[in-house]
There are 2 protein chains.
Amino acid sequence: MKIRIKDIADRAGVSTGTIDRVIHGREEVSPGTRSRVLSILKEMRYEPDILASSLASRRPFRIAVLIPFHTPENWFWKDPMNGINNACSELNHFRIEVKEFLYDQFDKNGFLEKSVELLESFPDAVIAAPVFNHETREFFDRCHEQSIPFISMNDNIRHPEQVAYVGQDPRQSGAVAAQLMKTGTNGQGKILVISIARDMDNYNHILNREKGFREYWEKLNGSAVPEIITRAIPKDTYNYIKRTIGGMFEEFSDIRGIFVTNSRVYQVARFLHNTEQKNIMLVGYDLINPNIKYLNNDTIDYLISQKPHEQGYKALMTIFNALRLNKKPTPELLIPIDIICKENLCCYQV
Amino acid sequence: MKIRIKDIADRAGVSTGTIDRVIHGREEVSPGTRSRVLSILKEMRYEPDILASSLASRRPFRIAVLIPFHTPENWFWKDPMNGINNACSELNHFRIEVKEFLYDQFDKNGFLEKSVELLESFPDAVIAAPVFNHETREFFDRCHEQSIPFISMNDNIRHPEQVAYVGQDPRQSGAVAAQLMKTGTNGQGKILVISIARDMDNYNHILNREKGFREYWEKLNGSAVPEIITRAIPKDTYNYIKRTIGGMFEEFSDIRGIFVTNSRVYQVARFLHNTEQKNIMLVGYDLINPNIKYLNNDTIDYLISQKPHEQGYKALMTIFNALRLNKKPTPELLIPIDIICKENLCCYQV
DNA sequence: AAAATTTCCGTGTGCGCACACGAAATTACA
DNA sequence: TGTAATTTCGTGTGCGCACACGGAAATTTT
């Protein structure tokens, strides 16, 4: 039923050793038999038995991870790493090893150093998050030169050679936020779009989310459309935010909703809570603790989850499936845009 | 590093064959050595290598599935079965076999026949959906007698011996629907709760969803609370539904929202669409085609997904993990209560 | 033409486990 | 005490593959 190396060998009139050499692309095979074996392999649709293969090979399958490290103040990259490690432990029967190359997400040189270190370790595959766009692109080129397959997560840079991209569509998530806003405000009044970001971190995401948010209303015809006021806040200290948002409330009347384009939404929630403004609809991103706190006391109405854990998990699973099981993935693995409220929160917490 | 049977054998002063007999609970081992080996196994924390184990054993791991079949008119059980089959093909390296025992969900005798047939095939594990509560309970007892592990999905019956339950919390999903309703109506006006169900299928689910919906408003203090009017519709023909709902609109003024407690929400959507009532908020269940149609044309505002595919997938994965990998699962595997709108629909469609 | 390389390929062993077979030890029975 | 029956256990083989080793054939060198 199942085709084994032995079957191929019999058919080709050579020994299993030769088949093995062909399969693994090793030398010491004459061009003639090599091409003959290759065609028989294809013809008989040989697929290696991953059980026997993993059992017999001493060397583990080594995956290198190149993402920023997390700190007590910046836990953003903690969940993706956990997701990767969880996937790894689920697959550890297959002798998988994950090696972490973690860098400071604000230090370009640190990134470069780590990426060199990574390439010198000659891993079997790479998972990377493109924080520094240009540098990551060069790093991927280097991977390709060394013929190391790689996968990108969280932020798409569409390298022609990448196995896949795992992440969320930021435009679409902006549209989801707009739909929630429409349900809550019915298109009346004004809506603020607030981006709180120092150092432009994740700036692409923020821009695209806002874009998707605005496009939603443009596509709407016939219904009422609110006035949308955008503001970028370059500092994430509470005092600064309080002053900025407070100023906007003085400047504009009839504000019905606020859409915060990233995880800093808890700062706006804090402001609304402190000033006891109950009837403002508030939507933001990410299930981090301060956000959850304000979700539970009804200051934040909805959060959109990026599912960082699942991103890491899927990245590892996908690259394993692609390389060990020969299952070619869809090039863009889009993570669902989950809408979280107080009532369904519990199911999403790991 | 890793403990093998050989290590245990050396330690116990016997051969690997004896260890094998102890591990598999076979006879032909003296009580003395058996207990000695058992304690050494525990002490050294032996865990079998599932790779080698699957490779060496000729017999596949046979899983029996006892759920209703689906028809062109009743596709409810199609996705769970697909989820099971997908999980199976992901695990098929490990020599897994799924055998389906499908019955008519309205025919109790058919269920009984299939369950007898199943037990006579002596599977290694069972996945079942408890449509007939009492009969399923007896069936689980029978499984336990034959020492066949089993897992229940979609509807919880809490059998003491079951490996786990996979499904959604219907109460909580009712609360989610209520939260959406509150966002959309702000607690003003009246809300209808409609249950369209012939033959009381899934009746428990329906009751609990309504319960959760009502409890949400009871817990609310300080805010406006709408008047909630419940109605059960025992037939699912459009004419009947049109008459009933039409009557309610005549009877009650200021209806702002409708919550349909199951997948028949498309019938209500059809009514609203035909009568051109645009400002009624409509929330229901399940991503089935007619519902998706009305979601896309803005008649249905939100759908709650039961993720039937994921339920089947998780059921199989869980029982495999529990039995082959010795990973004990959490007894209740609750599927997230996903909120679907037109904008995030695409990510959830398989 | 013999020797020295180099190219090409077959054989054998082991990964950790399952299971069949048969041997040894023990017990039962005459 | 000897034999048969039974219990208890060890050995060997195979699952499909990876990889080391060494041998034969082809090629080059002397």
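Protein chains get the first letters and strands the later ones, always in sequence-line order, with residue 1 at the start of each.
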Q: Name the residue closer to the 5' end of DNA chain D, choosing between B/V29 and B/L55 according to the nucleotide with the nearest heavy atom.
A: B/V29

Does a nitrogen or oxygen in the side chain of [X] sit under 4.0 Å from OP1 or OP2 of [N]?
{"X": "B/T33", "N": "D/dC9", "answer": "yes"}
{"X": "A/S57", "N": "D/dA18", "answer": "no"}
{"X": "B/Y46", "N": "C/dG16", "answer": "no"}
{"X": "A/S53", "N": "D/dA18", "answer": "yes"}
{"X": "B/S30", "N": "D/dC9", "answer": "yes"}

Q: Classify the side chain of A/R58 versus the base of C/dG14 as yes if they form a donor-acceptor pair under 3.5 Å and no if they do not.
A: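 Looking at the base of C/dG14, it does not pair with any donor or acceptor on the side chain of A/R58 (distance under 3.5 Å).
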
Q: Using only heavy-atom distances, decide whether a donor-acceptor pair under 3.5 angstrom links the side-chain of A/E28 to the base of C/dC8.
A: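 Per atom types, no contact qualifies.
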
Between [N] atom [atom2] and [X] atom [atom1], what is the distance in whole Å?
{"X": "B/D124", "N": "C/dA18", "atom1": "CG", "atom2": "P", "answer": "14 Å"}
{"X": "A/H24", "N": "D/dA20", "atom1": "NE2", "atom2": "P", "answer": "11 Å"}
{"X": "A/R26", "N": "C/dC8", "atom1": "CZ", "atom2": "P", "answer": "15 Å"}
{"X": "B/D10", "N": "D/dG10", "atom1": "CG", "atom2": "C1'", "answer": "13 Å"}
{"X": "B/F94", "N": "C/dG16", "atom1": "CZ", "atom2": "P", "answer": "16 Å"}
{"X": "A/E27", "N": "C/dC9", "atom1": "CD", "atom2": "P", "answer": "12 Å"}
{"X": "A/D49", "N": "D/dC15", "atom1": "CG", "atom2": "C1'", "answer": "9 Å"}
{"X": "B/R21", "N": "D/dG10", "atom1": "CZ", "atom2": "P", "answer": "8 Å"}

Base, sugar-phosphate alone, or nothing: which one does [X] contact when heavy atoms must sit under 4.0 Å apart?
{"X": "B/D20", "answer": "base"}
{"X": "A/I5", "answer": "sugar-phosphate"}
{"X": "A/R59", "answer": "nothing"}

Q: Drop me the distance from A/S53's OG to B/H93's NE2, to the nearest 0.5 angstrom.
A: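 Taking OG in A/S53 and NE2 in B/H93, the distance rounds to 11.5 Å.
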
Q. Using 4.0 Å as the upper bound for N to carboxylate O, is an ion pair formed by B/R21 and B/E27?
A.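 Here B/E27 does not pair with B/R21 in a salt bridge, since their nearest N and O are not under 4.0 Å apart.
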
Q | Residue whose nearest DNA chain C nucleotide is more 5′ - B/L51 or B/T16 | A | B/L51

(Q) Could you check whether any side-chain heavy atom of B/Q311 comes within less than 4.5 Å of a side-chain heavy atom of B/P80, counting everything from C-beta outward? (A) no

Q.
Less than 3.5 Å apart, any donor N or O on the side chain of A/Y103 or A/E113 sitting next to an acceptor on the other?
A. no

Q.
Is a donor from one side chain sitting under 3.5 angstrom from an acceptor on the other, for A/H309 and A/N86?
A.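 Short answer, yes.
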
Q) What do you reckon, are the aromatic ring centroids of B/F150 and B/H159 less than 6.0 Å apart? A)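 Distance test on ring centres: under 6.0 Å, yes.
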
**Q.** Nearest listed nucleotide, side chain of A/V14, among C/dC17, D/dC9, C/dG10
**A.**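 In terms of side-chain proximity for A/V14, the closest of C/dC17, D/dC9, C/dG10 is C/dG10.
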
Q: Please tell me which of the listed nucleotides, D/dG14, C/dT11, D/dA18, lies nearest to the side chain of A/S15?
A: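 Per side-chain heavy atoms of A/S15, the pick is C/dT11.
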
